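What you see is a predicted model, and the numbers here were worked out from it, not measured in a lab.
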Amino acid sequence: MPPSLTSRALGSIWGVCVGDALGGPVQFMDPGAFEPITGLEYVQPFQQPAGSYSDDGSMTLALAQSIIDSHGQYNHALSIQYFVDWFTTGRFSTIDRAWDVGASTRSALQSWRKRGTSDLQRVQDVINQKLDVEQSSGNGSLMRIAPIGLALWRDPGEARRVAREQSRVTHPVLGCLEACEVYTLLICGVLSGMLFSFFFWFDFVFFAFYPLVLVWGFHVCLRFSL
């Protein structure tokens with residue numbers, strides 16, 4: 001029996017939090033510099049107990065709660081307010097304060113806290129001016145974006161638009177917007193069942209015509225190397 005939509009949605013949300021908690025202990029470490037992760041461990045970089053999720057999980061929960069409190073609809077101003085609540089009071093955090101706040105996220109939320117949400121575009125313009133630069137193109141918006149696809153999967157076009165709008169709150173760089181858009185489309189595809197069909201036929205065609213793919217790839221590489 002395939003998992004229900006509710007099960008998939010909860011799995012996506014909690015998957016972010018669990019993955020965050022698993023990766024926290026080795027954050028900032030180079031690949032190969034630590035033993036394989038086999039369970040939840042003490043988060044040494046921030047001196048937090050095992051199982052603690054950081055900004056990834058906290059902002060995902062904040063975004064999800066803003067959608068729940070808006071009866072399943074995306075509420076841009078409320079999502080920002082809940083992010084500010086997390087940033088200033090620790091709401092949605094594992095403790096009574098926010099910890100592991102990225103530089104771009106911190107800068108943007110300081111602006112939202114100072115100026116409020118009464119004039120969203122005016123504040124967004126300020127953030128764009130400060131953070132729409134390549135040096136600020138981190139993964140701070142991608143890490144929290146899952147609830148958008150979960151809430152709007154029936155309307156992929158709207159989900160794409162909202163994903164980009166949501167990214168701009170803290171990460172307005174084009175690459176961040178596009179990453180959030182693509183990931184949201186993947187979630188929409190999983191919930192609608194279309195993604196499974198796509199990968200099934202992709203695998204079938206690829207392996208059925210594998211020799212032709214190799215010949216074509218060799219031909220293309222040869223032409224570009226001349």
With respect to I145, which candidate in T184, N139, I187 satisfies the side-chain contact (heavy atoms from CB on, under 4.5 Å) definition? T184
Q27 side chain to D100 side chain, donor-acceptor N/O pair below 3.5 angstrom: yes
Under 3.5 Å: donor-acceptor pair, side chain of W112, backbone of V169: yes
Do L120 and I80 touch side chain to side chain, with heavy atoms closer than 4.5 Å? yes
Tell me whether V126 shares a hydrophobic cluster with F83, the cluster being built from Ile, Leu, Val, Met, Phe, Trp, Tyr side chains joined at under 4.5 Å. no
Going through the distances and angles, do S141 and T170 end up as a side chain to side chain contact (heavy atoms under 4.5 Å, CB included)? CA-CA 7 Å; S141 57; T170 56; 4.2 Å; yes
Please find the pair of heavy atoms, one from E134 and one from V173, that lie closest to each other, and give the distance. OE1-CG1, 4.2 Å
Group every Ile, Leu, Val, Met, Phe, Trp and Tyr by side-chain heavy-atom contacts under 4.5 Å, then state whether L131 and L177 land in the same group. no
Please determine whether residues Y183 and L63 belong to a single hydrophobic cluster, defined as Ile, Leu, Val, Met, Phe, Trp and Tyr linked transitively by side-chain heavy-atom distances below 4.5 Å. yes
Which pair of heavy atoms, one from C17 and one from Y53, lies closest together, and at what distance? O-CB, 3.6 Å
Closest approach of F34 to P31 (non-hydrogen atoms, all atoms of both residues): CE2-CA, 4.4 Å
Can you see which heavy atom on L150 is nearest to which on A9, and at what distance? CD1-O, 3.7 Å
V16 side chain near M143 side chain, heavy-atom distance below 4.5 Å: no
Tell me whether W86 shares a hydrophobic cluster with V43, the cluster being built from Ile, Leu, Val, Met, Phe, Trp, Tyr side chains joined at under 4.5 Å. no
Could you tell me whether the side chain of T105 and the main chain of V101 form a donor-acceptor pair under 3.5 Å? no
Is any side-chain heavy atom of L152 less than 4.5 Å from a side-chain heavy atom of C188? no
Measure from the side-chain N and O atoms of S192 to the backbone N and O of G189, and report whether any donor-acceptor pair falls under 3.5 Å. yes
Find out if a path of hydrophobic residues (ILVMFWY) with successive side-chain heavy-atom gaps under 4.5 Å connects L78 to L61. yes
Salt-bridge test for R161 and E158: reply yes if a basic N is under 4.0 Å from a carboxylate O, no otherwise. yes
Could you measure the distance from the OG1 atom of T94 to the CD atom of Q48? Nearest 0.5 Å is fine. 5.0 Å
Show the nearest heavy-atom pair for residues E41 and P25, with the distance to one decimal. O-CG, 3.5 Å
For the residue pair A98 and S93, what are the closest heavy atoms and their distance? CA-OG, 4.4 Å
Check: A163 main-chain N/O paired with S167 side-chain donor or acceptor under 3.5 Å: no
Donor on one side chain, acceptor on other, Y74 and Q166, under 3.5 Å: yes
Here the gap from R122 atom CZ to T117 atom OG1, rounded to the nearest 0.5 Å, amounts to 11.0 Å
Any side-chain heavy-atom pair of S66 and N75 under 4.5 Å: no
Spatial distance of atom CZ (R144) from atom CG (D20) [nearest 0.5 Å]: 14.0 Å
Kindly compute the distance separating OG (S136) from NE2 (H171), expressed to the nearest 0.5 Å. 7.5 Å
Can you tell me how far SG of C180 sits from CZ of R168, rounded to the nearest 0.5 angstrom? 10.5 Å
Between D125 and Q129, does any side-chain donor sit less than 3.5 Å from a side-chain acceptor? no
Spacing of CG belonging to D132 relative to SG belonging to C176, to within rounding of 0.5 Å: 9.0 Å
For R164, look at atom CZ and say whether over 12 heavy atoms of other residues, nucleotides or ligands are found less than 6.0 Å away. yes
Indicate yes or no for a side-chain donor-acceptor contact from S52 to the backbone of P49 under 3.5 Å, with no hydrogens or angles considered. yes
Is any side-chain heavy atom of Q110 closer than 4.5 Å to one of I127? no
Show the numbers, then the answer: is there a side chain to side chain contact (heavy atoms under 4.5 Å, CB included) between T60 and I13? CA-CA 7 Å; T60 298; I13 297 295; 3.9 Å; yes
Pick from R91, R97, R113: which one makes a salt bridge (Lys or Arg N to Asp or Glu O under 4.0 Å) with D85? R91
